[in-house]
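Report on the structure given below.
By convention in this document, chain letters (A, B, ...) are assigned in the order of the sequence lines, proteins followed by strands, and residues within each chain are numbered from 1.
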2 protein chains.
Amino acid sequence: MAKEEKLTHSEENYLKVIFQISGQSRDRVSTNALADKLCTKASSITDMLKKLADKKLIGYKKYNGCELTTKGESIAVEIIRKHRLWETFLVSKLSFGWDEVHDVAEQLEHIRSLKLIDKLDQFLDYPKFDPHGDPIPDKDGNITYRKSKIRLAESAVNTLVEVVSVDEDSQSLLKYLDEIGLKLGSGIKVFERIPFDGSLKIEIVGGQKMYLSEKVAENIGVRFIEKL
Amino acid sequence: MAKEEKLTHSEENYLKVIFQISGQSRDRVSTNALADKLCTKASSITDMLKKLADKKLIGYKKYNGCELTTKGESIAVEIIRKHRLWETFLVSKLSFGWDEVHDVAEQLEHIRSLKLIDKLDQFLDYPKFDPHGDPIPDKDGNITYRKSKIRLAESAVNTLVEVVSVDEDSQSLLKYLDEIGLKLGSGIKVFERIPFDGSLKIEIVGGQKMYLSEKVAENIGVRFIEKL
DNA sequence: CTATTTTTTTAGACAAGACTAAAATTTTGG
DNA sequence: CCAAAATTTTAGTCTTGTCTAAAAAAATAG
């Protein structure tokens with residue numbers, strides 16, 4: 001049993017965001033990157049990084065960013081597990097839209113209860129993915145990433161791909177995707193990439209032909225299905 | 001639309017506890033009573049009462065306790081609504097025991113979402129009472145108290161009564177009631193009140209004959225059924 | 001390779017919410 | 001009615017997490 005010093009919501013948030021920014025590759029995370037994502041000033045970040053380093057949750061070297069320790073990572077993953085399970089609950093049981101769950105889940109992810117999350121997981125029948133297509137870590141913190149996932153912005157032209165995830169951070173993006181009828185599982189035919197602005201000429205299978213900006217395409221995860 | 005200044009968890013807790021202590025009769029609440037219930041020092045209470053008074057959530061006069069304003073009361077009732085709905089969720093959907101829900105609900109009651117609570121209410125099919133038998137305020141803040149409810153400690157001898165509520169504050173009480181097989185809806189035959197310590201000789205209908213201490217009997221709400 | 005720009009850290013301040021110790025007020029008991 | 005006891009408030013301190021402004025280090029450009 002490690003010492004179960006409990007963290008504040010704020011500390012938990014920092015760990016979560018460090019995890020998210022560092023990505024699968026576990027890169028070191030810069031102070032400014034955190035300030036951006038957390039909407040605070042760099043000086044506040046520095047303060048907190050010192051505290052987290054004291055608690056052995058991150059490695060931190062002045063002017064050289066930080067990275068999670070094993071302990072810090074396992075806490076971060078736990079928070080992400082909670083976040084994604086709650087999102088799943090909100091969508092599948094309370095019929096929230098996928099664009100409405102993020103803010104509420106940001107609050108719910110900090111509820112402390114040994115029992116609650118496992119019961120919720122069970123109640124939801126052990127879902128593997130959340131409403132945005134992101135994998136839900138299991139009880140032991142294992143995350144099974146979809147190895148074949150790429151960004152729509154990077155997919156080749158003249159291919160058919162399937163939408164497997166969308167970035168959940170922006171409500172307005174999700175609303176827009178809703179409007180154009182793009183969902184998880186949708187097929188997308190990629191016809192052409194416009195050199196000028198990187199936008200894509202596509203067809204949502206069973207739906208409309210249209211152009212998607214590069215920025216939108218960067219926030220959509222797909223897997224390759226076939227050449228056209 | 002009133003100004004929707006949002007309150008901290010702490011402020012919400014104060015309002016909730018002021019409501020609970022003042023009871024149906026809306027009595028003024030003393031500083032010490034709050035300190036006891038909130039497990040803080042009286043000086044901390046004074047500080048907070050000043051803040052709440054500034055925000056017009058309570059009436060406060062030095063050395064004379066406080067009482068909720070209309071605005072404060074409606075916020076308190078909202079928190080209680082959330083608390084009781086979450087408890088109901090935990091017990092009826094996640095199969096928590098009635099003795100396990102209080103602490104988690106104390107956290108969940110502070111989740112802020114316009115939509116969440118109404119959706120939850122709907123999901124639970126608009127329950128009228130929580131797992132401890134307390135009434136759940138409706139969307140508009142109306143609470144329908146059971147007018148016929150008395151404390152078991154005060155019920156007459158040689159009567160049959162029905163358990164309609166138990167105080168939820170103490171996990172150990174609830175566990176004990178579980179052990180002796182006492183539930184909401186249980187019938188209790190009250191045979192005798194021992195003058196020495198106020199304990200009661202009872203029979204749980206369909207269960208055992210036994211003695212209940214006065215302290216336990218004070219925490220059980222019942223309604224009269226018939227004379228024996 | 002130095003000068004400027006960018007990033008990061010330090011120093012000092014503040015608000016929230018708690019605490020302790022001491023002072024003030026109210027209540028109570030003879 | 002006055003003295004002791006209980007309650008409540010004030011004053012000053014602490015921690016957490018944020019901020020601004022200024023200093024320090026690193027990165028970049030000519």
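- Annotation: proximity of residues 103-110 of chain B to DNA chain C (heavy atom, distance under 4.0 Å) is found for no residue.
- Across all non-hydrogen atoms, the minimal contact from B/L116 to B/I111 is CD2-CG2, 3.7 Å.
- For B/N32 and C/dT27, the CG to C1' distance is 13 Å, given to the nearest whole Å.
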Could you list, one pair per line, each protein nitrogen or oxygen that sits under 3.5 Å from a nitrogen or oxygen of nucleotides 15-22 of chain C, together with the distance?
from, atom 1, to, atom 2, distance (Å)
C/dG17, OP1, B/T8, OG1, 2.5
C/dA18, OP1, B/S10, OG, 3.4
C/dA18, OP2, B/Y14, OH, 3.3
C/dC19, OP2, B/K41, N, 2.9
C/dC19, OP2, B/S44, OG, 2.7
C/dT20, O4, B/S43, OG, 2.9

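- Listed by chain and residue number, A/S172, A/L173 satisfy the side-chain contact (heavy atoms from CB on, under 4.5 Å) test with A/S170 (two or more places apart in sequence, or in another chain).
- Backbone-only engagement by B/T31 is indicated by non-hydrogen atom pairs under 4.0 Å involving sugar-phosphate atoms exclusively.
- Applying the side-chain contact (heavy atoms from CB on, under 4.5 Å) rule to B/F196 yields the partners B/I194; only residues at least two apart in sequence or on another chain are considered.
- B/S213 meets the side-chain contact (heavy atoms from CB on, under 4.5 Å) test with B/K215, B/V216; sequence neighbours excluded.
- Think of the region where chain B sits on DNA chain D: with heavy atoms and a 4.0 Å cut, that region ends 5' and 3' at D/dT7 to D/dT10.
- Remark: A/D197 engages A/S199 in a side-chain hydrogen bond (donor to acceptor under 3.5 Å, both in side chains) (not counting sequence neighbours).
- For the helix from C/dC1-D/dG30 to C/dG30-D/dC1, the angle separating the two terminal helix axes comes to 0°, with each axis derived from five pairs and the value rounded to 10°.
- In this structure, CD on A/E214 lies 11.0 Å from CG on A/N219, to the nearest 0.5 angstrom.
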Hey, can you pull the donor-acceptor pairs under 3.5 Å for the side chains in residues 86-107 of chain B, sequence neighbours left out?
from, atom 1, to, atom 2, distance (Å)
B/W86, NE1, B/L108, O, 3.4
B/E87, OE1, B/H132, ND1, 3.1
B/E87, OE2, B/H83, NE2, 2.9
B/T88, OG1, B/R84, O, 2.7
B/S92, OG, B/T88, O, 2.9
B/S95, OG, A/K119, NZ, 3.4
B/W98, NE1, B/L174, O, 3.3
B/E100, OE1, A/K115, NZ, 3.0
B/E100, OE1, B/G97, N, 2.6
B/E100, OE2, A/K115, NZ, 2.5
B/H102, ND1, B/E168, OE1, 2.6
B/E106, OE2, B/K16, NZ, 2.6
B/Q107, OE1, A/R112, N, 2.7
B/Q107, NE2, A/R112, O, 2.7

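- Considering only residues two or more places apart in sequence or on other chains, A/R151 meets the side-chain hydrogen bond (donor to acceptor under 3.5 Å, both in side chains) condition with none of them.
- The side-chain heavy atoms of A/I136 and A/D121, taken from C-beta on, include no pair separated by under 4.5 Å.
- The side-chain heavy atoms of B/V17 and B/V29, taken from C-beta on, include no pair separated by under 4.5 Å.
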Contacts under 3.5 angstrom, residues 34-63 of chain B side chains, donor-acceptor by atom type, not counting sequence neighbours:
from, atom 1, to, atom 2, distance (Å)
B/T46, OG1, B/A42, O, 3.2
B/K55, NZ, B/E11, OE1, 3.4
B/K55, NZ, B/E11, OE2, 2.8

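- Residues passing the side-chain contact (heavy atoms from CB on, under 4.5 Å) test with B/K149 are B/D134, B/R146, B/V164, B/S165, sequence neighbours excluded.
- A salt bridge does not link B/R81 with B/D140: none of the charged nitrogens is closer than 4.0 Å to a carboxylate oxygen.
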